[in-house]
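Encoded as structure tokens, the structure appears first; notes follow it.
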Amino acid sequence: MRRCPNCGHRGVFQSWGKMVDQCPTCDLKYEREEGYWLGAVLINTTITIALFLTAMVAWALVTWPDPPWTAMTAMGIVINLLVPLLFYPLSKTLWVAIEISAHPPIATGGPEVKNS
Ligand SMILES: [Zn+2]
């Protein structure tokens, strides 16, 4: 939802896909280490592939025995270009949410998080 996964604050994106370094409300630092966003890329890729395969298999089954291969290829290209772009912010906040559920921020007033 383009909100901070820790406190729900809006405005954690500088642009469509660029998150601020730290939540302005709860001070949660988003990128905890180098390569942190690999999990978000994995989520984004998994969602794109799942949507692509579901759409293509469903379309082929509905139109079998004569699937419109050219139209299906065009739709596959559109899905594989648009879904990663549209889902990118959600994949980042989803990854942060998964990560903080596994490794909760330290609520000591330290540098990682102010209040949680
Ligand atoms: Zn926050």
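Indexing begins at 1, ligand by ligand and atom by atom, following the structure's order.
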TODO: Give the other cluster members for Val57, using side-chain heavy-atom distances under 4.5 Å between Ile, Leu, Val, Met, Phe, Trp and Tyr residues; answer none if it is isolated.
DONE: Leu61
Open item on the list: Under the salt bridge (charged side-chain N to carboxylate O under 4.0 Å, His left out) definition, can you give me all pairs with a residue in residues 50-75, not counting sequence neighbours?
Closed with: none
- [ ] Spell out the protein N/O/S atoms under 2.8 Å from the Zn ion (ligand 1) as residue plus atom name.
- [x] Cys4 SG, Cys7 SG, Cys23 SG, Cys26 SG
Heavy-atom side-chain contact between [X] and [Y] under 4.5 Å:
X	Y	value
Arg2	Arg10	no
Trp37	Lys92	yes
Ile98	Ile43	yes

Contacts table for residues 73-85: side-chain donor-acceptor under 3.5 angstrom, sequence neighbours left out:
from, atom 1, to, atom 2, distance (Å)
Thr73, OG1, Trp69, O, 2.8
Asn80, ND2, Gly76, O, 2.8

